There are 2 protein chains.
Amino acid sequence: MTRERVIETARHMIEEGGVEALSMRKLAAELGVAPTGIYWHVGGREQLLTEIVDEVVDEMADLRPTGATARDRMASVARQIRRQVLDHPYLVELARELGQGPATAFPGQVALAREATAAGLQGEEGADAVRALLWLVGGFVMLERLPQQPDQPVQRTTTQELWKSVRDTDIDASLAKAMTRVPDPDTLFETSLQSLLDAVVPASATVRKSSRATRRG
Amino acid sequence: MTRERVIETARHMIEEGGVEALSMRKLAAELGVAPTGIYWHVGGREQLLTEIVDEVVDEMADLRPTGATARDRMASVARQIRRQVLDHPYLVELARELGQGPATAFPGQVALAREATAAGLQGEEGADAVRALLWLVGGFVMLERLPQQPDQPVQRTTTQELWKSVRDTDIDASLAKAMTRVPDPDTLFETSLQSLLDAVVPASATVRKSSRATRRG
DNA sequence: ACCTGAACACCGTTCAAGT
DNA sequence: ACCTGAACACCGTTCAAGT
């Protein structure tokens, strides 16, 4: 009946069955109300979805960097962002539908900027480092298989399958074979992350600030 | 009338007004035919969209690496992939809707694998390098503003606007200020790309293979 | 203030019937 | 072989009318 209940049950429906599982009419049925009754509480479908995105993004703002060095803490933030997106698979679709992709990334940018500062990064160089790290996370979300949503269409062809039929003398055989194997997403992400950090974080930030901290740990 | 004409006009409609501009009924009107007439030629909406994605991906397979060193050619492939995606903004939406994200990235993977081989990369290490580079492109597509599609909802809030109200003593002032500026996407992409290549490509691949080649150029 | 019912303008798809 | 018309089961949204 209340605005809160509408948003809550709508979110629940999306979490169960993906974005397409939410229609105003099904939501009304779930609430035991006429389809038109919803419109008094929330403006319409788009407003409702925006409300949900804002809620989830707020929750995602809770990032807790861990690690002794600034570089480690940057890595931990990147990992947490990825983890949160994996925990809310529908969010990507939702954000795209609403044109909120960039806004969704904002809390992550702030958290990364904080650790980048601790790592001694400044100005344009620091900003570029933050953006590059987020791109890596975004790319993962874009190109790796997300845990299947219930109603979502099946991923038709994986790149791994496609690689099996590649015969190309210009491609190293061991490399081609590696592409046919489904990579472990966690370690693949970790490797890419560390590569980028190598390039982007000054070496000094990989060293613990004082020897006291080391002894304590 | 023909299957080809159906696919062609459907693609044209999407290129004009985005994916949501294409409905079976509007397509029928455009073809001067009853809505149900389409179903004899193409199975249905989903098959039609799949056909279009396949067509576009086929065209995208035409990647022409340029540059003297293997590293430069890897960079050029990454740039071309990004460029092609920017030229087909609807493709991202389409690929997601069909669960074809990974398959869309396949031609790029092959082209990158070829140059990675030339750069001396092999096995898992090489495969990881290819994937990391594609993630960077994918992240760009995901998080940067794409050229606005006609019917698409407006990007509500940019991260740049959001950064203007950030007051955080843990963030370097010059870094925070840099985040309020809209970055030049081309140079930002270039910087991230070079960073990742630094981390991922062996140093030997940045050197021209023979001194003869250098003299000729 | 809060909800309903009727109505409007859309969808994708099936399937018997026409030529 | 190719297309139409009627029909079905859906959408989101508006708006006058009810309590």
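Below, chain A is the first sequence line, B the second, and so on; all start at residue 1. It should be emphasised that the depicted structure is a prediction, and the values quoted were computed from it without experimental measurement.
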By the 4.0 Å heavy-atom rule, please label A:G37 as base, sugar-phosphate, or nothing.
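Counting heavy atoms under 4.0 Å across all strands, the contact made by A:G37 includes a base.
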For [X] and [N], what is the distance between atoms [atom1] and [atom2] respectively, to the nearest whole Å?
X: B:R3; N: D:dC3; atom1: CZ; atom2: P; result: 14 Å
X: A:E46; N: D:dT13; atom1: CD; atom2: P; result: 8 Å
X: B:Q47; N: C:dG12; atom1: CD; atom2: P; result: 14 Å
X: A:L49; N: D:dG12; atom1: CG; atom2: C1'; result: 12 Å
X: B:I38; N: C:dT14; atom1: CD1; atom2: P; result: 13 Å
X: B:L27; N: C:dC11; atom1: CG; atom2: C1'; result: 14 Å
X: A:M24; N: D:dT14; atom1: CE; atom2: C1'; result: 13 Å
X: A:E20; N: D:dG12; atom1: CD; atom2: P; result: 12 Å

Looking at D:dC11, I'd like to know if its phosphate oxygens (OP1 or OP2) sit under 4.0 Å from a side-chain N or O belonging to A:K26.
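For A:K26, the contact criterion (side-chain N or O under 4.0 Å from OP1 or OP2 of D:dC11) is met.
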Taking only N and O in the side chain of A:H41, is any of them less than 4.0 Å away from OP1 or OP2 of C:dA1?
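For A:H41, the contact criterion (side-chain N or O under 4.0 Å from OP1 or OP2 of C:dA1) is not met.
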Side chains of B:Q80 and B:Q84: is there a donor and an acceptor less than 3.5 Å apart?
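No - no donor-acceptor pair under 3.5 Å links their side chains.
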Nucleotide nearest [X] (side chain, heavy atoms from C-beta), chosen from [options]:
X: B:R45; options: C:dG12, D:dG12, D:dC3; answer: C:dG12
X: B:R25; options: C:dT13, D:dC11, D:dC3; answer: C:dT13
X: B:Y39; options: C:dT14, D:dC11, C:dT4; answer: C:dT14

D:dC10 pairs with, by Watson-Crick or G-U criteria that keep both distances under 3.5 Å:
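Base partner found: none.
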Who pairs with C:dG5 - Watson-Crick or G-U, where each distance is under 3.5 Å:
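Result: D:dC15.
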Quote, to the nearest angstrom, the C1' distance that separates D:dC2 from C:dA17.
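To the nearest whole Å, 13 Å.
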May I ask you to verify whether the side chain of B:T36 and the base of D:dG5 hold a donor-acceptor pair under 3.5 Å?
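A donor-acceptor contact between them is present.
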Take A:D72 and A:R79 through the salt bridge (charged side-chain N to carboxylate O under 4.0 Å, His left out) test and state the conclusion after the steps.
CA-CA 10 Å; A:D72 286 350; A:R79 272 181 226 114; over 6 Å; no
What heavy-atom pair brings B:L22 and B:L48 nearest, and what distance separates the two atoms?
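Reported closest heavy-atom pair: CD2-CD2, 4.3 Å.
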When you compare the side chain of A:R82 with that of A:P185, does any pair of heavy atoms fall below 4.5 Å?
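Counting from C-beta outward, A:P185 and A:R82 do come under 4.5 Å.
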Can we say A:R11 and A:E51 salt-bridge, meaning some charged N sits less than 4.0 Å from an Asp/Glu carboxylate O?
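Looking at A:R11 and A:E51, the cut-off is not met.
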